[in-house]
Amino acid sequence: MSDFDVDLFVIGGGSGGVRAARIAAGHGARVMLAEEDRMGGTCVIRGCVPKKLLVYASRFAADFEDAAGYGWSVPKAAFDWPTLIKNKDAEIARLEGIYRTNLTRAGVEIVDSRAVIEDAHTVRVLKTGARIRARVILVATGGRVVKVPAVPGIEHAITSNEAFHLERLPERIAVVGGGYIAVEFAGIFAGLGVETTQIHRGEKLLRGFDEDLRDALGEAYARRGIRLCLECGLTSIEKVGGELLITLTDGRELRVDQVMIATGRMPNTERLGLEEAGVALASNGAIVVDAMSRTNVPSIYAVGDVTDRVNLTPVAIREGHAFADTVFGNSPGSVDHNVIPTAVFSTPEIGTVGLGEADARQRYGNVRIFRSSFRAMKATLSGREDRVLMKIVVDGDTDRVLGVHILGDGAGEMIQLVGIAVTMGATKADFDRTMAVHPTAAEELVTMRTPVA
C-alpha cells in the first residue's frame, strides 16, 4: 500500500497548475489541487481574458468614427461601463466553470482552500487542517501585483485587480508604469474616452522591446491623446475632496479621479511554507528551479510566474504540461524559453518574436535589418493617421531570421503564425519565396527586399 495519499498535490488553480493536474491525471496519477480563490488564476480571472474583453470594448469608438469614410452614418454612440463589467463578469464565471468541469472530468480532486507546505511530502489544507501526503508537490501560485513605489497616499491608488471592478468609469486617470499592463490599460481607458495620463520613469514605454516598436508606440499613444509623462515618477497621492492630487518627481501636479499603479508583479510565494521545507528562493521570492522545473528539494516542483522565468500564460501552460509528461508520463522534456511569440494589446497592438535589433547586434557580428512603415489600407478612406510598422532582424552570415516585430491591427494574430517560422529557423530567403497574400498588411513581411541597416 502506498505511503502517500496522492501522487501529485498542486497548489494553485491557474493556467499552469490546471494543465499540470489534468495531464498528470491523464497519465494515471492520483491528483489533488488546492486553490484559495477562483479557478483560472490571474489570466482568466484578473488578467489576459478580461483585459482583452476591455480592449475590444475600447476599440469600438474608433471603428464608429472610421465608418463614416466608408459611407456609413452612425448615430452618436453611447457607452455604458456597468454593462461591460456585468457581461465581462458573466463570461469569467462561465470560464471558471469550464476549468472546474475539466478538472473533475479528468479525475482531479479540487480543494477550495489555501494550502501550505510542511515538508518535502506534506501539504496542510488550511480550511480543514487536513494533512495530505503527496509523492510530488507542484507549486503554481503565480504572481501578485505590488504597489511601488510606496509613496505617501499610495493607499488611494488601485491596481489592475480593482480596475476590472470599478463601479463607474473615471473621467480622468493616471496610469503609473511602462510595461505590458500599464500600456494596455492606458490604451483601454483612452479608448473609452477617459482623459488618460501615463507616468513612467523610463524614457520610452515597454523596456526590453525593440527600439523601433517603442518609438512607434509612443508616437501612436501621443496621437491618441494619451499624455505621456516620461522620465518622471510619482512622489505622492493626496485625496482632495472627490479627486486625487498627484505630485510627480519633476514637481508637476495633476488632478485625477483614479490612479492605477501598474509597476510590476512579484512571485506569489509568501506564507507557503517554502523556506521551512528548504526550497531555495531568489532574492525577489521566486522559486529557483532547473530546466525540468524541479527545485532543490527533489519532490517539489514549480511552474509559471512563481518561478519568474518568462511570465506569460502560454509559457506556464507549456511548463505544466512538460512537468506532467516528465514526472508521470515517462516522457522527459523541458521548455525552450528562447523563442517565444508574444503580443501587447495596446491600440495599435504589438506582436513580437525573437531578438530585437539591439540584442541581435550584441550577439551577432553581422545583422541585417528590414523595416517598413505604412498606412494600412483601411486607413486610406477613414483618414486615420495610425501607421503599421513591420521589422525583420536577420543574421547576415546565415540568413536566419532572428526576430520579427509588428505594430498595427492584428499584430497579435500575425505574430502567432510568424512565430512558427522563426521557431523552425526560417531564413529571410524562406520569407522571400513565400507568396504574398494581397491586399493585406501581412504581405509586407514577405515583400521587403532591401535592408535598411
Side-chain angles (χ1 to χ4, degrees), residues 1-42 45 96 99-144 266-282 285-290 292-307 316 319-321 323-329:
M1 187 172 180
S2 173
D3 293 330
F4 301 109
D5 301 308
V6 294
D7 298 306
L8 172 64
F9 195 105
V10 180
I11 303 177
S15 299
V18 167
R19 175 59 64 92
R22 288 178 56 198
I23 299 303
H27 289 312
R30 297 168 299 162
V31 182
M32 185 177 290
L33 181 149
E35 171 55 57
E36 64 179 313
D37 197 358
R38 302 174 70 186
M39 200 67 65
T42 295
I45 305 302
E96 188 200 10
Y99 267 64
R100 286 183 173 274
T101 298
N102 288 342
L103 283 170
T104 301
R105 285 177 178 169
V108 177
E109 183 178 350
I110 300 172
V111 178
D112 292 307
S113 171
R114 182 176 178 82
V116 298
I117 298 171
E118 293 199 332
D119 60 42
H121 293 285
T122 306
V123 177
R124 178 164 55 91
V125 177
L126 296 192
K127 183 179 288 186
T128 64
R131 285 177 168 80
I132 309 298
R133 293 279 294 167
R135 180 164 67 87
V136 175
I137 298 169
L138 175 68
V139 182
T141 48
R144 57 184 174 83
M266 294 286 287
N268 193 19
T269 53
E270 290 186 347
R271 301 186 302 280
L272 285 179
L274 293 164
E275 296 94 334
E276 292 79 1
V279 175
L281 301 178
I287 299 176
V288 179
V289 294
D290 62 17
M292 311 302 283
S293 296
R294 194 174 206 171
T295 73
N296 60 306
V297 179
S299 59
I300 301 178
Y301 292 73
V303 297
D305 291 8
V306 76
T307 67
E319 289 171 355
H321 200 132
F323 153 79
D325 283 346
T326 297
V327 178
F328 299 102

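As the structure is a prediction and not an experimental result, all values here were calculated from the model.
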Less than 4.5 Å apart, any side-chain heavy atom of L281 and any of I287? yes
Checking V279 against N296 for the side-chain contact (heavy atoms from CB on, under 4.5 Å) test, could you report, in this order, the C-alpha distance in whole Å, the side-chain angles of both residues, the deciding distance, and whether it holds? CA-CA 6 Å; V279 175; N296 60 306; 4.2 Å; yes
Heavy-atom side-chain proximity of T326 to Y301 below 4.5 angstrom: no
What pair of heavy atoms forms the shortest contact from L103 to A21, and how long is it? CD2-CB, 4.0 Å
Check V297, T122, I137 against I117 for a side-chain contact (heavy atoms from CB on, under 4.5 Å) and give me the one that passes. I137
Which heavy-atom pair separates A120 from S299 by the least distance, and what is that distance? O-OG, 2.6 Å
Nearest 0.5 angstrom please: E96 CD to T101 OG1, how far? 10.0 Å
What pair of heavy atoms forms the shortest contact from G320 to V303, and how long is it? N-CG1, 4.0 Å
Separation between CZ (R135) and CG (D3), nearest 0.5 Å, reads 12.0 Å
Could you check whether any side-chain heavy atom of N102 comes within less than 4.5 Å of a side-chain heavy atom of M39, counting everything from C-beta outward? no
Between the side chains of R131 and D119, is the shortest nitrogen-to-carboxylate-oxygen separation below 4.0 Å, so that they form an ion pair? no
Quick one: does any side-chain atom of T295 pair with a main-chain N or O of I300 as donor and acceptor, under 3.5 Å? yes
Side chains of V136 and F328, heavy atoms from C-beta outward: is any pair under 4.5 Å? yes
Do you know the tightest heavy-atom contact between G13 and E35? N-OE1, 2.6 Å
Can you tell me how far apart CD (E319) and OG (S15) are? Round to the nearest 0.5 Å. 11.5 Å
Does G329 offer a backbone N or O that forms a donor-acceptor pair with the side chain of D325 under 3.5 Å? no
Trace of the side-chain contact (heavy atoms from CB on, under 4.5 Å) decision for F323 with V10: CA-CA 12 Å; F323 153 79; V10 180; 5.8 Å; no
May I have the list of side-chain donor-acceptor pairs in residues 269-277 shorter than 3.5 Å, sequence neighbours left out?
unit_1 : atom_1 : unit_2 : atom_2 : d
T269   : OG1    : G285   : O      : 2.8
E270   : OE2    : R144   : NH2    : 3.1

Between R133 and D5, is there a salt bridge with N-O shorter than 4.0 Å? no
Check step by step if side-chain contact (heavy atoms from CB on, under 4.5 Å) holds for I132 and V125. CA-CA 8 Å; I132 309 298; V125 177; 4.2 Å; yes
On a heavy-atom basis, the closest approach of A115 and V123 is CB-CG1, 3.6 Å
For the residue pair V108 and A25, what are the closest heavy atoms and their distance? CG2-CB, 3.9 Å
With under 30° as parallel and over 60° as perpendicular, where do the rings of F4 and H121 fit, or are they tilted in between? tilted
Once you round to the nearest 0.5 Å, how far does CG of D37 lie from OG1 of T42? 9.0 Å
Atom pair CD/CE of E109 and M32 - distance to nearest 0.5 Å: 3.5 Å
